[in-house]
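Each ligand, and each atom within it, is numbered from 1 in the order the structure gives. Everything numeric here is computed off the predicted structure, so don't read it as measured data. Just so you know, these numbers use all the heavy atoms, side chains as well, and skip hydrogens, waters and symmetry mates. Quick note: residue numbers are just sequence positions, from 1.
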Amino acid sequence: MARKKIVAANWKMNLTLSEGEKLINQLLEGLPEVLECEVVLAPPFTHLQMLVELVGGTSILPAAQHCHAEKAGAYTGEVSVAMLNSLGIKYCITGHSERRQLFFETNQIVRSKVDAILEGGLTPIFCCGESLDIRQASQQNQFVKEQLEECIFHLGPDAFRKLVIAYEPIWAIGTGMTASPEQAQEMHLFIRDTIRQAYDSDISDEIRILYGGSIKADNAATLFAAPDVDGGLVGGASLQPAGFIEIIKAAC
Ligand code: PEP
């Protein structure tokens with residue numbers, strides 16, 4: 001079956017409210033009204049209300065970069081999935097390597113967030129991917145398989161098919177060292193085969209697997225042409241409207 005591609009922007013902790021508003025308006029002006037793919041924007045929490053208001057009725061979907069797994073309570077500084085849902089947010093990124101490394105999010109924590117996001121009616125964009133050491137030791141498949149097993153393979157088939165997976169090799173994130181289309185394809189195929197073994201062919205054929213790690217306007221088309229790459233999660237390059245529009249056009 002044909003999988004609709006997704007191009008998702010992770011702004012991380014960048015742009016003030018007015019800078020973010022300018023960027024969203026530039027994207028709205030530069031993109032065709034009807035797109036063959038989904039465009040997802042994940043700005044900081046402070047920008048979500050504005051994003052929802054600006055993109056309502058367009059083909060851009062709002063996303064959060066992060067959430068807490070608990071529904072409510074004494075978790076100073078945190079935001080629940082119900083809060084995101086009440087704003088009209090559709091996607092939530094979880095398992096990003098920066099959250100794992102800088103905020104000590106383990107596979108167990110990521111698993112609880114995947115559950116909370118699904119329970120709260122949003123779609124998780126679940127990130128996985130290996131460090132350079134692990135790739136240099138040729139252990140990347142085993143490592144990513146463990147992340148899948150520990151974070152998402154507990155889900156029943158109906159919940160699992162709602163996920164979006166993002167393969168983001170840590171050595172490629174923000175480094176300019178993009179995975180080659182062959183490296184991306186090899187891992188995406190491995191992930192799809194692993195899902196087929198854990199679930200079935202229908203689910204593994206329909207689930208969307210994005211690539212993330214130094215995607216730029218000049219490498220997006222070849223990455224997105226790989227048969228098992230269903231779009232991208234874009235960090236740094238999503239902050240520049242012209243380049244990001246090129247990346248979107250490469251997928252759509
Ligand atoms: C990311 O943070 O998810 C990412 C892919 O970043 P970059 O595109 O900057 O490598």
As an exercise, identify every atom of ligand 1 less than 4.0 angstrom from a heavy atom of [X].
X: Ala172; value: 10 (O)
X: Leu233; value: 3 (O), 5 (C)
X: Asn10; value: 1 (C), 2 (O), 3 (O)
X: Gly236; value: 7 (P), 8 (O), 9 (O)
X: Gly213; value: 5 (C), 10 (O)

His96 and Glu105: side-chain donor and acceptor closer than 3.5 Å?
no
Between His188 and Asp230, do the side chains contain a donor N or O and an acceptor N or O under 3.5 Å apart?
no
Counting only heavy atoms, tell me which of Gly174, Gly232, Ala237 gets closest to atom 10 (O) of ligand 1.
Gly174
For ligand 1, find out whether one of its N or O atoms is nearer than 3.5 Å to an N or O atom of Ser214.
yes
Select one of side chain, backbone, both or neither to describe which atoms of Ile173 lie under 4.0 Å from any atom of ligand 1, heavy atoms only.
both
Give me the nearest non-hydrogen protein atom to atom 1 (C) of ligand 1 as residue plus atom name, then the distance to 0.1 Å.
His96 NE2, 3.2 Å
heavy-atom search around atom 8 (O) of ligand 1 in the protein gives Gly235 N, 2.8 Å
From the options Lys5, Arg208, Lys4, select the one residue that forms a salt bridge (Lys or Arg N to Asp or Glu O under 4.0 Å) with Glu38.
Arg208
With a sphere of 6.0 Å drawn around NZ of Lys145, does it hold more than 12 non-hydrogen atoms of other residues, nucleotides or ligands?
no
Which residue, Gln147, Arg100, Glu149, Glu146, forms the side chain to side chain donor-acceptor pair (under 3.5 Å) with Asn107?
Arg100
NZ/NE/NH1/NH2 to OD/OE distance under 4.0 Å, Arg196 and Asp205:
yes
